[in-house]
Colleague: 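Here it is, the structure in full.
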Amino acid sequence: MSTDKIRVRFAPSPTGYLHVGGARTALFNWLFARHHNGVFILRIEDTDRLRNDDAMVRGILEGLQWLGLDYDEGPFHQSDYYEQHRAAAYQLLESGHAYRDFTPKEERSDENIKQQIAEAAARGPKVLNPYRNLSKAESDARAAQGEPYVIRFKVPEEGKTQFRDEVFGVQERDYKDIEDLVLLRSDGHPLYNLSVVCDDIMMGITHVIRGQDHLSNTHKQVLIYEALGKAVPVFAHLPLILAPSKGKLSKRKHGEIVSVTTYRDRGFIPDAFVNFLALLGWSPSSGEHADREIFSRAELVSLFSLEGIHKANAVFNFTEGDARNWTDQKALWMNHEYIKTIPMEKLFPMVKAELQQSGLWRDEYEDERRAWFEHTLTLLRERARTLHDFSSHGRPYFTDDFSFEFDEAAVKKNLQKDPALKELLPQLADAFVTLDEFTHDSTEALLRKFAEEKGVKAGLLINATRTALTGQAVGPGLFDVVAAIGKSRTVARLKHAAQLV
RNA sequence: GGCGCGUUGGUGUAACUGGUUAACACGCCGCCCUCUCAAGGCGGAGAGCACGGGUUCGAGUCCCGUACGCGCUACCA
């Protein structure tokens, strides 16, 4: 057993927001670190310092914070270590693992880069770089004269690289299939494969957990580790998260739906989203937990292992343009489960924030009306899929006026169904006024008796009252609603509703 | 073009080292409960495991091929 602490990192590039795939990568790293009592490091791969760093990083930080993925070290900025990366390139040059390439820079437009590469490759077999075996003396001389060059890694001609990926198994690749990659640009700027390796070495990273798109890059990085004489970390590559079209998730194409802050802003509970994300590409390997869906954060930490990571890409099944099912239905269901079951003391502040945002919050809910408030939440949470539902469906409970909406279909179905309601509702209101105890049981007894006397079905009055009080056709049991709304608002709303009949 | 990775119902996943009619969750449909909706309970439709071969008494599980998807192939990350 090694006593060394496990050290992992999440290394996003600063794109201005944390997308769902990145969040999942961060989560798996975090779970792994916490499970092993290790260290979780945040490193920003800001290769281009020209862009506004702070603004670009903020979205990522916000996302991580909301998800509750706290890092132990960082955030570090890759660009702060360019000197070390450069030094490493020259070290490799000295040791003969790399060489100067004086070939003039080939300009490529970013537009169709993939296509250009494919075409160039299709044109013919790879030829060895002419500067590969330039003598040290000549190379040094030309460099001394100021001739521009890049530093390329000298991939051996014979043999192959091998590493074991914890998810995908043993990976092999012939050296001849790996090009002499550029380590340092002609302007002295270090390139990705060099920088990650240097940073991971410097930060003592023991396990590299990242997206599968880096699986084939790993061979190059292994080569660099070996040339630098450093131990190779353990690698675990994660399957990708795809859009419903099975394509890559992209902000440009799919919009804000791929950003985790969207889930925060649309009323998700962080634990619910974390739970959902954890099950995208991972499951508790085998046995007793295989059939469960709901896992607390603590359970995820204790159950998480690299063995449970799936190999195939997962589809994140959101529906663009659907108001009700705007994101993956399972995520919505899970959020509902969390809203229903988390302890009141955890739900309370979340609903408070939601009501504050919609101008419905009153400080008395925290003191003298706390019991009433919490009871109302227990009524509403049963049906809430997001925190927004507390301010939309919940609005009639938290406002004294008629600022809540009357659903057209509900009015038609429950109020305009029977013209007699025009008379009955005000009479019912007057009857309610006489009640001293305004409770679930007393109001029910009164209403049922009233219905009997008037010779109408209780259901007629019950449904009409629901719509009169909440504007909706659906909701909690009516007498719970009546008791929660209270006597004076109930009376006022019944009379008001008579005008809608 | 080359190299690599993947492929279980609509979606997420399960199925110990090959062995009963492929399981669970979400979603969908129906019934029960009921003042509505939700929740809950019960039941149903939906994959024969991408396709085609092979090995085997027996394959989703092993082998080969094909298709499709994805990644890398850049002085991007």
Side-chain angles (χ1 to χ4, degrees), chain A residues 11-13 15 45 47-48 78 101 103-108 110 113-114 116-126 148-152 165 167-169 171-174 176-179 181-187 189 191-193 195-196 211-220 237 239-240 242 244 246-248 276 279-287 290-294 310-317 325 328-334 336 340 382-385 393 410 413-414 444 447-448 457-467 472-479:
Chain A
S13 39
T15 50
E45 311 237 304
T47 52
D48 192 353
Q78 186 158 74
D101 177 4
T103 310
K105 184 175 180 182
E106 185 179 348
E107 294 296 342
R108 286 196 151 110
D110 282 351
I113 192 83
K114 295 274 178 195
Q116 290 175 38
I117 292 165
E119 282 167 5
R123 247 175 263 134
K126 188 183 77 171
Y149 59 88
V150 299
I151 293 183
R152 282 187 187 273
D165 187 274
V167 175
F168 290 94
Q171 303 290 311
E172 285 184 345
R173 194 166 182 189
D174 281 341
K176 66 174 168 54
D177 291 324
I178 305 175
E179 73 289 352
L181 61 146
V182 173
L183 302 174
L184 218 58
R185 276 200 231 159
S186 52
D187 62 3
H189 187 97
L191 253 21
Y192 173 72
N193 283 301
S195 292
V196 252
Q212 191 214 47
D213 43 342
H214 290 294
L215 189 60
S216 23
N217 277 330
T218 306
H219 288 103
K220 301 171 195 168
H237 286 87
L240 269 21
L242 307 175
K246 308 246 194 284
K248 287 212 298 184
F276 173 74
L279 263 22
L280 225 43
W282 174 84
S283 66
S285 38
S286 73
D291 281 352
R292 291 178 51 205
E293 307 291 328
I294 304 291
H310 204 59
K311 286 192 183 74
N313 295 162
V315 171
F316 181 38
N317 204 14
N325 296 317
D328 196 294
Q329 303 223 50
K330 192 154 187 173
L332 250 9
W333 167 80
M334 215 168 249
H336 178 210
K340 276 197 320 186
E382 278 300 313
R383 272 150 270 261
R385 301 209 305 167
H393 300 158
K413 182 179 163 214
N414 291 337
E444 173 161 19
L447 184 142
R448 291 197 186 278
K457 281 183 152 180
L460 176 73
L461 293 171
I462 286 172
N463 288 325
T465 302
R466 172 176 294 105
T467 301
Q472 298 155 28
V474 302
L478 194 260
F479 301 103

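Computation of the quantities below employed the complete heavy-atom set of this structure, encompassing side-chain atoms and omitting hydrogens, waters and symmetry-equivalent molecules. Model, not experiment: these values are computed from the prediction. Chain letters run A, B, ... following the sequence lines, proteins first and then strands; every chain starts at 1.
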Colleague: Across all strands shown, which nucleotide pairs with B/C72 by Watson-Crick or G-U wobble geometry, both distances under 3.5 Å?
Modeller: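 Partner of B/C72: B/G2.
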Colleague: Return the pairing partner of B/A25 with a 3.5 Å limit on both distances, Watson-Crick or G-U wobble; otherwise return none.
Modeller: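 WC or wobble partner is B/U11.
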Colleague: Looking at A/D328 and A/K330, does any basic side-chain N land under 4.0 Å from a carboxylate oxygen?
Modeller: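 Answer for the salt bridge query: no.
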Colleague: Closest approach to the side chain of A/A314, judged atom by atom: which nucleotide of B/U13, B/G40, B/U36 is it?
Modeller: B/U13
Colleague: Which part of the nucleic acid, if any, lies within contact of A/H336, taking any heavy atom under 4.0 Å across all strands shown: a base, the sugar-phosphate backbone alone, or nothing?
Modeller: sugar-phosphate
Colleague: Using Watson-Crick or G-U wobble geometry with both distances below 3.5 Å, tell me the partner of B/U36, or none.
Modeller: none
Colleague: Within the structure shown, what part of the strands sits under 4.0 Å from A/P12 by heavy-atom distance: base, sugar-phosphate, or nothing?
Modeller: nothing
Colleague: So A/Y192, base contact, sugar-phosphate only, or nothing? Heavy-atom distance under 4.0 Å.
Modeller: base
Colleague: For B/C3, does the base pair up with any side-chain atom of A/S216 as donor and acceptor (N or O, under 3.5 Å, distance only)?
Modeller: no
Colleague: Using a strict threshold of under 4.0 Å (side-chain N to carboxylate O), is an ion pair present between A/E179 and A/R152?
Modeller: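 The answer is no: the pair does not qualify as a salt bridge.
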Colleague: Roughly how far, to the nearest 0.5 Å, is CZ of A/R383 from NE2 of A/H336?
Modeller: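 It is 8.5 Å, given to the nearest 0.5 Å.
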Colleague: Of the listed nucleotides (B/G71, B/A38, B/A77), which one gets closest to any side-chain atom of A/H214?
Modeller: B/A77
Colleague: Within the pair A/S283 and B/A14, is there a side-chain N or O less than 4.0 Å away from OP1 or OP2?
Modeller: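 It does, given that an N or O in the side chain of A/S283 lies less than 4.0 Å from OP1 or OP2 of B/A14.
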Colleague: Could one point to a donor on the side chain of A/N217 or the base of B/A77 with an acceptor on the other under 3.5 Å away?
Modeller: yes
Colleague: Between B/C24 and A/R292, counting only base atoms on the nucleotide and side-chain atoms on the residue, is there a donor-acceptor pair under 3.5 Å?
Modeller: no
Colleague: Heavy atoms, side chains only, cut-off 4.5 Å: are A/F479 and A/I462 in contact?
Modeller: yes
